[in-house]
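For the single chain, residues carry numbers from 1 onward in sequence order.
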Amino acid sequence: VVVSVPANGDCFFHIVLTGIKDIIQQTTGDSQPESNTDTDRRSLKAPPMKKRKQDGFANEVSKELNDRENPKNNSTKKFSNYISIPSLRNLVADKYSEEVFNLMVAAGQVPCTARTIPSFDSFKTKLKFEKAFADEHCIGIISSTFSIAFLILDDNIGGKPTAYWNSGESHDLLNKQDGKVKRLPQYYLTLRLGRQHYSGIRFGDSLIQDSNNLHPQISTFWKKEIEKILT
């Protein structure tokens with residue numbers, strides 16, 4: 001089910017927020033109050049699904065992710081601290097790297113002229129309050145903070161599937177291969193991107209899918225991209 005959100009600059013954060021509320025509700029059984037910017041999802045939500053029986057690649061993914069040395073982190077508890085778009089934007093602004101900002105200015109990816117180059121502080125203020133579009137660094141911060149890999153279907157380049165996973169701060173360990181430790185995502189969230197606007201894709205009863213119980217359509221369609229993350 002495609003979950004549409006307003007094209008007001010908050011689309012990425014809005015979808016992440018909707019997914020977070022799904023996780024909180026499924027884990028605790030409590031519904032979080034909807035904000036004014038929440039989409040009316042009553043007509044979009046599919047009936048709850050039973051635990052899925054997986055086979056083939058889906059089974060391999062579950063086996064890989066269950067074989068971890070450390071227990072799952074307290075990401076659900078962390079989710080509960082971010083149940084609004086402003087809280088997600090504050091998170092991104094606080095963790096945004098000044099080095100990345102300077103590189104973006106040099107690359108011409110920050111709208112400015114030679115006389116109107118914004119300061120890093122003003123850029124962070126815009127991230128917090130002016131509904132600035134979520135760039136790759138923003139997505140990376142959300143990815144590593146919540147241990148979410150984003151599966152993006154990009155209509156701008158012919159519907160090419162891309163997996164985005166930033167393991168930077170994830171404490172959800174791991175896959176050991178050849179003596180190397182690899183950090184793996186605990187969750188997956190599927191997005192559709194077209195003309196700088198994101199929509200979410202809900203499978204079953206959730207936007208955010210637990211890596212140990214991936215919907216068969218995800219494990220099949222995104223097989224190659226997920227394998228790149230796991231290996």
Side-chain angles (χ1 to χ4, degrees), residues 1-3 5 11-20 22-23 52 54-68 72-73 75 78-79 88 91-92 95 100 109 133-178 180-204 206-231:
V1 177
V2 176
V3 179
V5 295
C11 54
F12 171 76
F13 296 101
H14 197 142
I15 291 167
V16 171
L17 176 62
T18 302
I20 285 175
D22 283 349
I23 290 292
R52 290 179 285 270
Q54 297 177 318
D55 51 25
F57 178 67
N59 249 340
E60 293 174 20
V61 172
S62 291
K63 183 179 178 181
E64 190 93 33
L65 293 170
N66 278 318
D67 187 20
R68 295 173 176 172
K72 285 186 176 181
N73 60 23
S75 57
K78 183 179 290 185
F79 281 148
L88 290 172
L91 169 70
V92 165
K95 294 191 175 186
V100 170
Q109 295 182 14
F133 183 74
D135 61 25
E136 185 173 326
H137 193 46
C138 291
I139 296 174
I141 291 170
I142 296 292
S143 176
S144 64
T145 300
F146 299 111
S147 193
I148 299 173
F150 292 98
L151 306 175
I152 304 172
L153 192 62
D154 193 342
D155 289 347
N156 299 310
I157 51 176
K160 181 180 178 181
T162 303
Y164 187 89
W165 162 235
N166 179 8
S167 63
E169 295 181 7
S170 174
H171 299 295
D172 208 23
L173 288 175
L174 3 0
N175 195 13
K176 282 192 173 180
Q177 262 189 352
D178 302 326
K180 297 178 181 178
V181 175
K182 189 177 183 70
R183 298 179 186 275
L184 303 176
Q186 185 174 341
Y187 300 101
Y188 288 85
L189 195 159
T190 307
L191 299 169
R192 183 174 180 176
L193 174 62
R195 296 185 180 181
Q196 293 192 318
H197 177 66
Y198 286 103
S199 301
I201 303 180
R202 185 191 301 278
F203 292 88
S206 184
L207 270 170
I208 295 181
Q209 298 276 319
D210 191 296
S211 58
N212 292 316
N213 190 28
L214 280 179
H215 192 283
Q217 284 181 277
I218 295 177
S219 57
T220 299
F221 182 79
W222 295 93
K223 179 178 179 180
K224 290 183 180 179
E225 299 302 320
I226 294 175
E227 282 180 334
K228 292 176 184 177
I229 293 175
L230 298 180
T231 58

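- Note that the CG atom of Leu193 and the CG atom of Asp154 stand 4.5 Å from one another [nearest 0.5 Å].
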- Decide yes or no on side-chain contact (heavy atoms from CB on, under 4.5 Å) for Ile23 and Phe146, but give the supporting numbers first. CA-CA 12 Å; Ile23 290 292; Phe146 299 111; over 6 Å; no
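- Looking at Leu214 and Phe203, their side chains never come closer than 4.5 Å, going by heavy atoms from C-beta outward.
- Rounding to the nearest 0.5 Å places CG of Leu189 at 10.0 Å from CZ of Arg202.
- Contact of the Ile226 side chain with the Tyr188 side chain is registered, since non-hydrogen atoms from C-beta on lie closer than 4.5 Å.
- In this structure, His197 and Val5 have side chains that are in contact, with non-hydrogen atoms separated by less than 4.5 Å.
- Contact check for Phe150 versus Tyr198: no side-chain heavy atoms found under the 4.5 Å cut-off.
- Taken from CG in Leu151 to CD1 in Ile229, the straight-line distance is 6.5 Å, to the nearest 0.5 Å.
- Using a 4.5 Å cut-off on side-chain heavy atoms (C-beta onward), Leu153 and Phe221 make contact.
- Here the NE2-CG distance, from His137 to Asn166, works out to 8.5 Å after rounding to the nearest 0.5 Å.
- Between Leu184 and Ser211, the closest side-chain pair of non-hydrogen atoms is not below 4.5 Å.
- Checked against a 6.0 Å centroid threshold, the rings of Phe79 and Tyr187 count as neighbours.
- Within the 3.5 Å criterion, the main-chain N or O of Gln217 finds no donor-acceptor partner in the side chain of Thr220.
- Contact record, Ser143 with Tyr164: OG-O, 4.1 Å, taken as the closest heavy-atom pair.
- The CD1 atom of Ile201 sits 11.0 Å away from the CD1 atom of Ile152 when rounded to the nearest 0.5 Å.
- With a 4.5 Å cut-off on side-chain heavy atoms, Ile208 and Ile148 count as touching.
- Atom CD of Gln209 and atom CD of Gln186 lie 13.0 Å apart (nearest 0.5 Å).
- Contact between Leu88 and Phe13 at its shortest, heavy atoms only, is CD1-O, 3.6 Å.
- With respect to Lys228 and Glu225, a salt bridge is recorded, a charged nitrogen being found less than 4.0 Å from a carboxylate O.
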- Starting from the C-alpha separation in whole Å, work towards a yes-or-no answer on side-chain contact (heavy atoms from CB on, under 4.5 Å) for Leu91 and Ile142. CA-CA 8 Å; Leu91 169 70; Ile142 296 292; 4.1 Å; yes
